[in-house]
Visitor: 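Let me give you the structure first, and then I'll get to my questions.
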There are 2 protein chains.
Amino acid sequence: MVQYRHARLDASFGALSDPTRRAVLLQLGRADASITDLADKFHMTLTGMKKHVIVLEQAGLVSTQKIGRVRTCKLGPRQLEAEIAWLESYRELWNARFDALDEVVQQLKQKEKNP
Amino acid sequence: MVQYRHARLDASFGALSDPTRRAVLLQLGRADASITDLADKFHMTLTGMKKHVIVLEQAGLVSTQKIGRVRTCKLGPRQLEAEIAWLESYRELWNARFDALDEVVQQLKQKEKNP
DNA sequence: TCTATACTGAACCATATGGTTCAGTATAGG
DNA sequence: CCTATACTGAACCATATGGTTCAGTATAGA
């Protein structure tokens with residue numbers, strides 16, 4: 001059974017609802033990057049990008065480490081299993097609803113044949 | 001290739017980031033419901049629930065039909081394929097990053113053995 | 001026809017979000 | 001030591017979000 005009232009889902013789906021943050025995740029999939037790297041790449045101030053990184057970090061989608069002046073961002077630690085599980089369970093529900101609908105349709109067809 | 005800058009993803013992940021809306025989806029998976037039904041179930045005003053339904057509707061996760069006084073809400077039409085695809089592609093990226101890391105670790109181990 | 005029900009829309013509120021600027025602090029490197 | 005770089009934090013701004021209340025409109029049913 002999947003957990004539904006889950007603050008982690010709030011955070012991760014919230015983080016994923018912004019296109020810049022989704023793009024940052026994909027970028028980090030290609031290479032680790034500093035805040036400055038990301039800010040340049042996405043035409044945004046350092047401070048602005050920092051906020052996005054904080055959101056991603058709080059959702060567990062990015063981890064960072066500061067060495068000297070530079071804070072390096074990388075993917076992880078979470079792989080979004082819970083989110084995928086939620087979507088899959090939704091898909092099952094959705095299928096169940098429409099299978100049930102099919103059944104009703106079938107029954108109606110039967111009644112048509114044998115009234 | 002999955003589409004990344006996609007307004008639909010903004011809408012659906014945004015819709016899913018609220019626990020009430022996730023719960024409403026699950027509820028609709030069990031049975032269609034009027035706005036009043038949902039408002040009662042989630043201890044909220046009609047107007048408040050209406051807003052949630054509008055968000056879900058705009059994300060394509062719920063469809064509604066008004067018959068007489070009653071607006072009935074049900075699942076659909078979207079099954080969240082695009083969202084699942086996005087998360088899966090993220091997972092691949094994530095695995096690739098950590099596989100690459102594994103490789104580096106393996107190479108370091110090799111050098112240890114044959115210095 | 002009358003009344004209760006079901007919704008709708010506008011207005012309001014507090015807080016969150018996605019950005020900015022500006023003024024720091026800390027460190028790398030000549 | 002000096003300066004440029006990299007970040008941090010506070011303050012600000014406009015708009016969005018998640019709720020409310022209140023005043024309608026429209027329809028179901030006695």
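The structure presented is a predicted model; accordingly, all values stated were derived computationally and were not measured. Chain letters run A, B, ... following the sequence lines, proteins first, then strands; residues in each count from 1. Hydrogens, waters and symmetry mates play no part in the numbers below; they use all other heavy atoms, side chains included.
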Visitor: Go through residues 52-61 of chain A and report each residue with a non-hydrogen atom lying under 4.0 Å from DNA chain C, sorted by number.
Guide: A:His52
Visitor: Can you tell me how far C1' of D:dG19 sits from CZ of B:Arg21, to the nearest Å?
Guide: 12 Å
Visitor: At their closest point, which heavy atom of A:Leu16 faces which heavy atom of A:Arg22, and how far apart are they?
Guide: O-NH1, 2.7 Å
Visitor: Mind calculating the distance between CG (B:Asp10) and C1' (C:dT17) to the nearest angstrom?
Guide: 13 Å
Visitor: Rounded to whole Å, please give me the gap between NZ in A:Lys51 and C1' in D:dC12.
Guide: 9 Å
Visitor: Only Watson-Crick and G-U wobble pairs with both distances less than 3.5 Å should count. Give DNA chain C in dot-bracket notation, marking inter-strand partners with |.
Guide: ||||||||||||||||||||||||||||||
Visitor: Under the side-chain contact (heavy atoms from CB on, under 4.5 Å) test, which residues partner A:Leu93, sequence neighbours left out?
Guide: B:Leu26
Visitor: Can you check whether B:Lys50 has a side-chain N or O nearer than 4.0 Å to OP1 or OP2 of C:dT8?
Guide: yes
Visitor: So what does A:Ile35 hit on the nucleic acid, given a heavy-atom distance under 4.0 Å: a base, only sugar-phosphate, or nothing?
Guide: sugar-phosphate
Visitor: Which pairs, with at least one residue in residues 11-41 of chain A and sequence neighbours excluded, count as a ring-ring contact (aromatic ring centres under 6.0 Å, His included)?
Guide: A:Phe13-B:Phe13
Visitor: Measure the distance from CG on A:Leu46 to C1' on C:dG19 and round it to the nearest whole Å.
Guide: 14 Å
Visitor: So, using side chain to side chain donor-acceptor pair (under 3.5 Å) as the criterion, who are the partners of B:Gln58 when residues are at least two apart?
Guide: none
Visitor: Whole Å only: how far is the CG atom of B:Asp40 from the C1' atom of C:dA6?
Guide: 11 Å
Visitor: Under a 4.5 Å cut-off applied to non-hydrogen side-chain atoms, are B:Gln65 and B:Ile67 in contact?
Guide: yes
Visitor: Output the rounded distance in Å from NE2 (B:His43) to P (D:dG19).
Guide: 13 Å
Visitor: Looking at residues at least two apart in the chain, or sitting in another chain, which of them share a side chain to side chain donor-acceptor pair (under 3.5 Å) with B:Ser34?
Guide: B:Asp37
Visitor: Name all pairs fulfilling the salt bridge (Lys or Arg N to Asp or Glu O under 4.0 Å) condition that reach into residues 23-33 of chain B, sequence neighbours left out, sorted by first residue then second.
Guide: A:Arg97-B:Asp32
Visitor: Sequence neighbours left out, what pairs pass salt bridge (Lys or Arg N to Asp or Glu O under 4.0 Å) with at least one residue falling in residues 84-93 of chain A?
Guide: A:Glu88-A:Arg91
Visitor: Grab the CE-P distance between A:Met44 and C:dG19 for me, whole Å please.
Guide: 4 Å
Visitor: Which pairs count as salt bridge (Lys or Arg N to Asp or Glu O under 4.0 Å) when at least one residue sits in residues 45-73 of chain B, sequence neighbours excluded?
Guide: none
Visitor: What one-letter contact string describes nucleotides 22-30 of chain C from 5' to 3', where B marks a base within less than 4.0 Å of any protein heavy atom, S marks contact via sugar-phosphate atoms alone, and - marks no contact?
Guide: B----BS--
Visitor: Give the rounded distance in Å between these two atoms: CE of A:Met49 and C1' of C:dT17.
Guide: 15 Å
Visitor: Would you indicate whether the side-chain heavy atoms of B:Met49 and B:Val24 approach each other to under 4.5 Å?
Guide: yes
Visitor: For B:Arg78, what residues pass the salt bridge (charged side-chain N to carboxylate O under 4.0 Å, His left out) criterion, not counting sequence neighbours?
Guide: B:Glu83
